[in-house]
Number of protein chains: 2
Amino acid sequence: MSETTAAGQRADMVRNRRLLLGAATAAFAERGVEVSMGEIAQRAGLAKGTVFRHFASKEDLLAAIMLQLLDRLTGTADRLRQADDAAAALREFMTNGVEALAADRAFCEVVGRPSLQNPDVRAAINHLCDAAEALTARAREQGAVRDDVTGTDIVLLLGGIHQTAAPLLADQPQAWRRYLELALDGLHVPNAGALPEQPPRGLPLDGSPATG
Amino acid sequence: MSETTAAGQRADMVRNRRLLLGAATAAFAERGVEVSMGEIAQRAGLAKGTVFRHFASKEDLLAAIMLQLLDRLTGTADRLRQADDAAAALREFMTNGVEALAADRAFCEVVGRPSLQNPDVRAAINHLCDAAEALTARAREQGAVRDDVTGTDIVLLLGGIHQTAAPLLADQPQAWRRYLELALDGLHVPNAGALPEQPPRGLPLDGSPATG
DNA sequence: GGTCAAGATGACCGAGCGGTCATTTTCACG
DNA sequence: CGTGAAAATGACCGCTCGGTCATCTTGACC
């Protein structure tokens, strides 16, 4: 696809990079952003120095993997824009989103604290909000969700729904479905009273210091 | 009251303990459970060794402070049981709960991952679920919330609502009110369809290894 | 098959962590 | 006021972390 092998690349380097990305993806998913670079190297069957040859810092490696996840979800949202039933499309998007969070601890941590992430990751989160807004706008027009709900609300709700179910994850891996239904019911209610304090378009990621 | 000075206690020890608890409460609230014991000691104006004389481990210190917060919230729930309007009482309880989470990072982290906490903390979380269930039961009877919502749902929702608003905290400190309203609207909906997979009474905190 | 730039390696570094302990200071009590 | 037990102190320990670098290995190319 886009990340193909350039001419003259060494075969072992290409293979090691694939091993590294696979191991890092799994390690971050299982153990969160706190997993050590040493453990990632071990899981990939590589030396620690090799990991740092491929990615200059842990932050870079994490960003590469989070961007992949965010872009995939944004792609899902874009694809769902063409569905006829906007309410069903929105439900499908949210299902995908919460499932992705439930399967990946690092993804939760990154989406839950966007202000202290890499600028590229923050931009990708904003793209996701835009894609979600497009989906939500159609649902609003069709009267499927209340007027004052935005795409940013939807993205934020993904994190909230997952967090609600997180303490039950070990015993009821599907518990998030319960809280997704609850949220969808709340979103459906015709304006019983406008919600307070509408969020900005996208997330206010630029106000916070870069932190490195 | 219960933690009064016993006879023969040295005055400086009593004063230092109060300084320590105050500093630790503020430090955990501002910077989460990752704050170091060294920083807590510094904020209290004490040496690190003194902190470990009062609490044998960081886990013990954290537990002491989290128990205080949990007990306070449980007390609020107990007091609200006597209100006439169960729906209003439930709203008041949830407002208190989300406010407490928004004001304390460590509290969020502890309530959001109860399985890896101190047994005392886990027990206190279960007490909170019980108190919330009592409140919720009355709301169910009054038809103010749907039949299939439990006290555990309510406690879990506190964490979820806060998490939803967390990325906006710096710019819109009151954003959680928006998502609390949304959740309350979802809770009000008469059984449009039962929610999937009811959670257990309390949280399944005993299945996980103690880790300590 | 020889060559050599590019890649892989793992010992090593400095920083920060939770926690310990020999020493010094403080205060309650007689 | 003198005394001794309890409390405070901060240097220190072992450990893990992200990251570096001199050294060795590999594979693309002629």
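Every chain is numbered from 1, with letters handed out A, B, ... down the list of sequences.
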Separation of atom CE in A:M13 from atom C1' in C:dT9, rounded to whole Å:
15 Å
Partners meeting salt bridge (charged side-chain N to carboxylate O under 4.0 Å, His left out) with A:D71 (sequence neighbours left out):
none
Residues of residues 45-58 of chain A with a heavy atom under 4.0 Å from any atom of DNA chain D, listed by number, are A:K48, A:F52, A:S57, A:K58
Can you list everything that forms a salt bridge (charged side-chain N to carboxylate O under 4.0 Å, His left out) with B:E92? Sequence neighbours excluded, please.
none
Pair B:L203, B:L156 - check side chain to side chain contact (heavy atoms under 4.5 Å, CB included), show working.
CA-CA 9 Å; B:L203 293 176; B:L156 290 171; 3.8 Å; yes
Rounded to the nearest 0.5 angstrom, the OG1-NE2 distance for A:T74 and A:H127 is 8.5 Å
Any residue of residues 34-43 of chain A with a heavy atom less than 4.0 Å from an atom of DNA chain D:
A:V35, A:S36, A:M37
Pull out every protein N or O sitting under 3.5 Å from an N or O of nucleotides 28-30 of chain C, one pair per line with the distance.
residue	atom	partner	partner atom	Å
C:dA28	OP1	B:A11	N	2.9

Salt bridge or not for A:R43 and A:E39, using N-O below 4.0 Å?
yes
Would you say a side-chain N or O of B:N16 is under 4.0 Å from OP1 or OP2 of D:dA8?
yes
Got a salt bridge between A:R140 and A:E133, using NZ or NE/NH1/NH2 to carboxylate O under 4.0 Å?
yes
Using a cut-off of 6.0 Å, state whether more than 12 heavy atoms not belonging to A:Q42 lie near its atom CD.
no
When the distance from CG of A:L19 to P of C:dA8 is rounded to whole Å, what number comes out?
11 Å
Residue set satisfying salt bridge (charged side-chain N to carboxylate O under 4.0 Å, His left out) with A:R53, at least two apart, ordered chain then number -> none
Nearest 0.5 Å, please: how far is CD in A:Q163 from NE2 in B:H162?
9.5 Å
Quick one: pull up CG in A:N118 and CE in A:M66 and give me the separation to the nearest 0.5 Å.
11.5 Å
